Number of protein chains: 2
Amino acid sequence: MHHSVTHWEPSNSSECDRAILPVSEVLAQIAGKWTIFVIRALSGGPRRFSELKREIDGISQKMLTSTLRDLEKNGFVTRTITPSIPPRVDYELTDMGRELHEPLLAIGNWAQVNRHRVEKARERFAEREAKERELVW
Amino acid sequence: MHHSVTHWEPSNSSECDRAILPVSEVLAQIAGKWTIFVIRALSGGPRRFSELKREIDGISQKMLTSTLRDLEKNGFVTRTITPSIPPRVDYELTDMGRELHEPLLAIGNWAQVNRHRVEKARERFAEREAKERELVW
DNA sequence: CGGAATCCTTCACGATACTG
DNA sequence: CAGTATCGTGAAGGATTCCG
């Protein structure tokens with residue numbers, strides 16, 4: 001993500017769809033490490049910068065700023081400055097941001113529900129790998 | 001993605017959810033640059049390695065291998081070897097893989113449908129930026 | 001055909017320090 | 001409070017070569 005998203009070619013999607021803005025670019029935005037968490041935090045309503053920082057565990061100040069800027073640039077979030085002392089900045093999902101939140105939530109829920117299955121699958125894979133190594137040696 | 005997924009801490013999700021396998025790790029897997037495209041290609045049924053390589057435009061051999069291995073490791077894909085000459089390897093979505101495909105498809109479709117809105121938003125953002133620069137200079 | 005191994009570049013992200 | 005600026009690093013990803 002960020003400013004210089006790798007701009008690769010159309011990718012044979014469907015009907016010779018001249019990719020004005022390739023789907024993959026939108027996807028790349030979503031794929032950012034913190035994007036989903038920021039959107040989830042904002043889905044509860046407007047938040048101040050420091051509130052987001054507190055709510056999203058482990059995010060650095062730099063990445064929060066950067067993620068918010070990208071979300072704003074792509075039209076998912078609005079940034080409202082209240083020139084007071086100390087200054088106050090509120091972030092809020094746009095309509096488009098709220099729309100995006102739905103399928104994102106579906107993915108998040110799926111991951112939440114199915115993480116144990118994934119974990120099991122990993123263990124089985126590790127076992128198969130070990131067996132193979134036995135045969136080789 | 002790949003082997004060393006950054007293993008960060010729980011992230012204040014919901015109810016003190018001891019994160020055995022953090023949701024974010026599952027998400028990180030999905031976030032890989034090519035994961036969505038590979039799953040989409042496989043959603044049409046089993047595919048050979050070379051078929052996938054041809055269908056997914058722009059993917060390198062290395063990344064296809066790597067993405068498939070990760071998907072296999074996490075239980076989303078099966079790998080079936082037919083020892084013939086030349087060798088033949090088929091990849092197929094597991095049930096879990098097909099389940100994951102649904103919310104992924106939703107995201108993909110959303111991105112497809114809304115890319116023009118995103119594009120517009122970017123233009124407006126660029127304009128606002130330009131205006132600000134005028135005021136400064 | 002279906003990879004593995006190697007080299008190399010870019011950049012996403014983190015840590016730290018400073019500012020209006 | 002809400003950032004910007006800078007530096008450093010691991011790791012993602014591409015290109016190329018070699019192999020059973």
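Chain identifiers are assigned alphabetically (A, B, ...) following the order of the sequence lines, protein sequences preceding nucleic acid strands; residue numbering begins at 1 within each chain. What you are looking at is a predicted structure, and each value in this text was computed from that prediction instead of being measured.
- Mapping A/G58 and A/P87 onto DNA chain C by nearest heavy atom places A/G58 at the nucleotide closer to the 5' end.
- To the nearest angstrom, C1' of C/dG2 lies 10 Å from CG of B/L64.
- Rounded to whole Å, atom C1' of D/dC1 lies 12 Å from atom CD of A/E51.
- Salt-bridge annotation for A/E55 and A/R48: absent, with no side-chain N of the basic residue lying under 4.0 Å from a carboxylate O of the acidic one.
- Between B/D70 atom CG and D/dA12 atom C1' the separation is 12 Å, expressed in whole Å.
- One donor-acceptor pair, N or O on each side, does fall under 3.5 Å between the base of D/dG14 and the side chain of B/K62.
- Atom CD1 of B/I36 and atom NE2 of B/H101 lie 10.0 Å apart (nearest 0.5 Å).
- Contact between the side-chain N/O atoms of A/S60 and the OP1/OP2 oxygens of C/dA15 is not found at any separation under 4.0 Å.
- B/E92 is not listed as a side-chain neighbour of B/V77, based on a closest heavy-atom distance of 4.5 Å or more.
- There is a path of hydrophobic side-chain contacts, each under 4.5 Å, that joins A/L68 to A/M96.
- With contacts defined as side-chain heavy-atom distances shorter than 4.5 Å, the pair B/R40/B/L104 does not qualify.
- Nearest to the side-chain atoms of A/Q61 among the listed nucleotides D/dT4, C/dC1, D/dA2 stands D/dT4.
- The separation between A/I85 atom CD1 and D/dG3 atom P is 16 Å, rounded to whole Å.
- Taking atom CH2 on A/W34 and atom P on C/dC13, their separation rounds to 9 Å, with Å as the unit.
- Residue B/I59 contributes atom CD1, which lies 13 Å from atom C1' of D/dA12 at whole-angstrom precision.
- Protein atom OH of A/Y91 is 11 Å distant from nucleotide atom C1' of D/dC1, rounded to whole Å.
- In terms of phosphate contacts, B/R48 brings a side-chain nitrogen or oxygen within less than 4.0 Å of OP1 or OP2 of C/dG2.
- Closest to the side chain of A/F49, from the set D/dA2, D/dT16, C/dG14, is D/dA2.
- Distances shorter than 4.0 Å separate none of the side-chain N or O atoms of B/T65 from OP1 or OP2 on C/dG3.
- Computed from coordinates, the B/R69 CZ to C/dA5 P distance equals 11 Å when rounded to whole Å.
- An OP1 or OP2 oxygen of D/dA2 is reached within less than 4.0 angstrom by no side-chain nitrogen or oxygen of A/R79.
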